[in-house]
Amino acid sequence: MTVLSPARKAHSTLYHLEPIGVGTPDVESLTGYISRLAKAHCLPVQPLVSEIIAPELGMTSMVRSYSRFFKESACSVNGLGQYAEDFHSAMERLTLRGDLSRLTMLPWKGVFDPGGKGLNKPLKSWCSSCFREWFKNGALLYEPLIWTLSSVRICGRHGSPLRTTCPGCGEPQPVLGRTYPIGYCSSCGEQLWSKEDEKVEGEEHVTEWDLWVVTEVGRLLSASPSESGMATQKRFQSAVADVVRHLKVTNTQELDRSIGFGESTITQWRRGRGKPRFDYFLLFCFKTNIVPKDMLCRSSEEFLRNSWRPGCKEKISRKKESHKQEELRKRVKKEMETLLSTENAPSLKEFARNLGVGLGYLRYRFPKESKRIASRYRERLRESKESLFHERSEAIRKAVDDLRGAGEHPSKWKVFRKIPGILPGGGKDKDLTRVWKETLEGKHIVGDPSGC
Ligand SMILES: [Zn+2]
Ligand SMILES: [Zn+2]
């Protein structure tokens, strides 16, 4: 073991590596933890899985087809079904840790569909800004559990859409890469944050739903074991009944329809027939303005306080954003005001990049200010183009005079080679060519390129 290696507890087979962010919205995923553990042991992921984890699991089906495991099943390691159960307990035995279930959705297995429908993404997604920031600051690259959930499309820290393909080769990425470490493409090895992605994905519309999901899922992931321990199917069943009663719903099929469910989803939840899908549960809470964590970990009917019937939003005051989103919003607003009070006129893209947020976020949250910044930038471009034109026109006139004074013919080639930043011959710049011609003809030119 090198000096920098993590500790190996007495008799633990693998390092007793501490997981990142337990108890916070940014808690690490179990697949990400496995990748980091492989790196700590100076191993690619595949041999760690095949030589150490698989024998511990006794999973003969996995041993038969690793390629299928890495391609299809690895995403379930972060879920709440059998795969997650087996993997987390094997990893806890190998590392002698007791907190690895919190890197999966297992704390919520009492409530949600164990089949994992609508829970984990089949492929990896990531926030380039987070990777870039950590890399720049010399921090560890890791993969938060929240990125692996199907309903989450944006980064909670940056508000920008998560990426799903390599910026180098365009390939989608498996949830658990076999060889390359976290942050690198499994196909070409490129850094997954290597290119600015605002143009590719920042243009995507970030919706109120996206912002709500990332905030509320973050709250669930930061729940303590005693909080998530309160989430049982029985409590959920009675919470659904409370919602129906509180909203004075007489026909649950109507409520189903207004949320966008099939006809008997809510009835089945209320009767305790089967567990809800995670994504359906989130949609139910969003449409009824209920905080998911309050509904699952409730000890009273307090969670109903701000609830409303889908479609009746305006009657009830809007729920407050989470503290984190609010802080981000405040910070961005202040930066925008400061910028607009100065002469500085960067492009909106450059401004978003400096703030570490997506273009989509700025346009969605601050449409007026974003438009002003963009139009100031366009104005600045126009002005600098104009002043450059005037500068070059003057230089052309001077060059013509100088050449004539030296007894030379002021050909286009001779004149333009004296103008900095212009190709000899003038390239294809019609306006400057016009200036040259008119100077030869003795005409005096005033005004901008358009001739106004
Ligand atoms: Zn981010
Ligand atoms: Zn690639």
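Counting starts at 1 for both ligands and their atoms, in listed order.
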Handout entry: Ion pair Lys333/Glu337, N-O distance below 4.0 Å
Key = yes
Handout entry: Over 12 foreign heavy atoms within 6.0 Å of NZ, Lys121
Key = yes
Problem - Crowding at CD, Glu92 (>12 non-hydrogen neighbours, <6.0 Å) - result: yes
Practice task
Looking at His158, pick out the N, O or S atom nearest to the Zn ion (ligand 1) and give its name.
Solution key: ND1
Problem - Derivation and outcome, side chain to side chain donor-acceptor pair (under 3.5 Å), residues Asp86 and Gln82 - result: CA-CA 6 Å; Asp86 292 344; Gln82 200 55 48; 3.1 Å; yes
Problem - Pair Glu133 + Lys136, salt bridge at N-O below 4.0 Å - result: no
Exercise for the section: Under 2.8 Å from the Zn ion (ligand 2), which protein N, O or S atoms are there? Could you list them by chain and number? Expected result: Cys166 SG, Cys169 SG, Cys185 SG, Cys188 SG
Practice task
Pick out which of Thr31, Val175, Leu149 makes a side chain to side chain contact (heavy atoms under 4.5 Å, CB included) with Asn120.
Solution key: Leu149
Problem - Vertex the Zn ion (ligand 1), arms to Cys130 SG and Cys155 SG, rounded to 10° - result: 110°
Problem - Donor-acceptor contact below 3.5 Å, side chain Asp256 vs main chain Ile266 - result: yes
